[in-house]
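Owing to the predicted nature of the structure, the values given are computational and were not obtained by experimental measurement.
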Amino acid sequence: MMRRLLPLLAAVLLALQLAGCGAGGSANDSGAVDVPSANAEATPAASPNASQGISDPASSPAGGTSDSGTSSSAKSSLKPADPNAALLNAAKEVMGALRDRDLKRLESWIDTDKGVRFSPYAHMDAKNDLVFKAGQLPSFKDTGKRTWGVFDGSGEPIDLSFRDYFEKFVYDQDFADAPKVTANKLLGQGNTPYNGQEIYPGSSFVEFHFPGFDSKLEGQDWESLILTFVPSGSDWRLCAVTHAQRTI
């Protein structure tokens, strides 16, 4: 009897073992949802902006407003353009021509209507100063003498050739390298005041000023060369070259 049951018991045990293996293997295949690991939850998905090389505004300081703040502060620190910039540039160009004794360059700046006036002192003489139109400037080779005014103090006539006048009453100092240059503001003050804006209403001027040369004279030996300009459209045109210094 027992011999007959042994094969049956073996078959039952084998069937039970096979059933147990089938249940264990189907635990993973039977639709159980895998739970993401802790590491998978902690890793954020890459944003579209990051994948395209674009910075994410939410990740920038103060919600990405630092750029606009910098831009606005930069704009607020900008200074307005100097209203005298064109005038100063014109004056420096003219002074360069005077320094180089380049009369052709000088003539290119002369106002076509008013010409250019040469005044040996700050106070212009509307009646007696010599005025030259463009193309009519004397040559440095011209030895003929002209009366340019009268000497301060003595009252004697200033009878000089153009070259001699130029060396004494125009470029007797290196004014292109003057330590002080001002637009529409006089530095050299004497008892013969500059009157260019009376002679030429609406004009502007640039002063090239040396405050003095001998410290013992305490500034009494100051000298200036004043260039007067009149507006011509958006440009400036030269109308007077004025020498200024302390007078008696």
Side-chain angles (χ1 to χ4, degrees), residues 91 94-95 97-103 106-107 109-111 113-182 185-201 203 205-230 238-248:
V94 170
M95 191 59 73
L98 293 173
R99 175 198 59 209
D100 298 339
R101 275 68 174 173
D102 189 337
L103 298 182
L106 179 64
E107 285 186 331
W109 284 97
I110 296 174
D111 184 77
D113 294 329
K114 295 176 173 57
V116 61
R117 176 186 304 272
F118 288 91
S119 177
Y121 300 106
H123 196 82
M124 301 179 190
D125 187 333
K127 294 182 178 180
N128 298 316
D129 288 338
L130 295 185
V131 179
F132 300 93
K133 298 285 188 178
Q136 296 179 350
L137 280 178
S139 165
F140 284 128
K141 296 179 180 180
D142 185 356
T143 59
K145 293 184 178 182
R146 293 175 171 83
T147 302
W148 303 86
V150 296
F151 284 102
D152 174 65
S154 70
E156 294 294 321
I158 303 174
D159 291 334
L160 298 171
S161 67
F162 179 62
R163 173 178 286 278
D164 290 341
Y165 176 85
F166 189 96
E167 299 299 334
K168 186 173 181 61
F169 289 105
V170 177
Y171 211 84
D172 62 321
Q173 305 293 344
D174 188 9
F175 288 110
D177 198 32
K180 295 182 181 297
V181 179
T182 59
K185 180 181 178 182
L186 282 175
L187 296 177
Q189 302 288 343
N191 56 4
T192 55
Y194 169 78
N195 62 338
Q197 291 175 314
E198 297 175 14
I199 303 294
Y200 299 103
S203 65
F205 66 89
V206 175
E207 179 181 14
F208 294 78
H209 179 74
F210 282 94
F213 303 93
D214 187 342
S215 59
K216 295 179 181 179
L217 296 177
E218 299 180 344
Q220 297 299 307
D221 56 342
W222 65 268
E223 281 194 42
S224 293
L225 194 66
I226 304 172
L227 303 179
T228 305
F229 294 84
V230 290
L238 181 70
C239 61
V241 177
T242 304
H243 189 272
Q245 64 188 71
R246 181 177 178 270
T247 52
I248 300 173

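- If you run side-chain contact (heavy atoms from CB on, under 4.5 Å) between His123 and each of Asn191, Thr192, Asp152, Ile199, only Thr192 comes through.
- When every heavy atom of Ile110 is checked against every heavy atom of Ala134, the shortest pair comes out as CG2-N, 4.0 Å.
- A salt bridge does not link Lys133 with Glu107: every distance from a Lys NZ or Arg NE/NH1/NH2 to an Asp or Glu carboxylate oxygen is 4.0 Å or more.
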For Met95 and Leu227, run side chain to side chain contact (heavy atoms under 4.5 Å, CB included): C-alpha distance rounded to whole Å, both residues' side-chain angles, the deciding distance at 0.1 Å, then the answer.
CA-CA 8 Å; Met95 191 59 73; Leu227 303 179; 4.0 Å; yes
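- Aromatic ring centroids of Phe205 and Tyr194 lie under 6.0 Å apart.
- For Phe210 and Phe175, the ring centers sit closer than 6.0 Å to each other.
- In this model, no donor atom of one side chain and acceptor atom of the other lie less than 3.5 Å apart for Thr242 and Tyr121.
- Just one of Leu137, Val131, Asp111 meets the side-chain contact (heavy atoms from CB on, under 4.5 Å) condition when paired with Val116; it is Leu137.
- A distance below 6.0 Å separates the ring centres of Phe140 and Phe166.
- When all heavy atoms are compared, the tightest approach of Val230 to Cys239 is CG1-SG, 3.8 Å.
- In this structure, the side chains of Leu106 and Val94 come closer than 4.5 Å at one or more pairs of heavy atoms.
- With no hydrogens or angles considered, no side-chain donor-acceptor pair links Ser203 and Gln197 at under 3.5 Å.
- Side-chain N/O atoms of Ser139 and Asp142 include no donor and acceptor closer than 3.5 Å.
- Note: Phe208 CZ to Asp174 CG = 11.0 Å, rounded to the nearest 0.5 Å.
- Looking only at atom types and distance, the side chain of His243 has a donor-acceptor partner in the side chain of Glu223 under 3.5 Å away.
- Phe118 contributes atom CZ, which lies 13.5 Å from atom CD1 of Ile158 (distance to the nearest 0.5 angstrom).
- Nearest heavy-atom pair across Asn195 and Met124 is OD1-N, 2.7 Å.
- Ion pairing of Asp129 with Arg117 is present here, as a side-chain N (NZ or NE/NH1/NH2) and a carboxylate O approach within less than 4.0 Å.
- The main-chain N or O of Gly212 is never found under 3.5 Å from a side-chain atom of Asp221 such that the two would form a donor-acceptor pair.
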Please step through side chain to side chain contact (heavy atoms under 4.5 Å, CB included) for the pair Val241 and Phe169, ending with a clear verdict.
CA-CA 9 Å; Val241 177; Phe169 289 105; over 6 Å; no
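- When only modelled atom types and interatomic distance are considered, Ser224 and His209 share a side-chain donor-acceptor pair under 3.5 Å.
- Atom CG in Asp164 sits 10.0 Å away from atom OG1 in Thr143 (nearest 0.5 Å).
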Can Leu217 and Trp222 be said to form a side chain to side chain contact (heavy atoms under 4.5 Å, CB included), step by step?
CA-CA 9 Å; Leu217 296 177; Trp222 65 268; over 6 Å; no
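- Note: Leu186 CG to Gln189 CD = 5.5 Å, rounded to the nearest 0.5 Å.
- Distance OH/Tyr165 to CG/Leu130: 8.0 Å, rounded to 0.5 Å.
- The shortest non-hydrogen separation linking Ala91 to Phe229 is CA-CZ, 3.6 Å.
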Candidate pair Glu207 and Leu187, rule side chain to side chain contact (heavy atoms under 4.5 Å, CB included), full reasoning
CA-CA 8 Å; Glu207 179 181 14; Leu187 296 177; 3.6 Å; yes
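- For the pair Thr182 (side chain) and Lys185 (backbone), a donor-acceptor distance under 3.5 Å is present.
- Remark: Thr147 OG1 to Glu156 CD distance equals 11.5 Å, nearest 0.5 Å.
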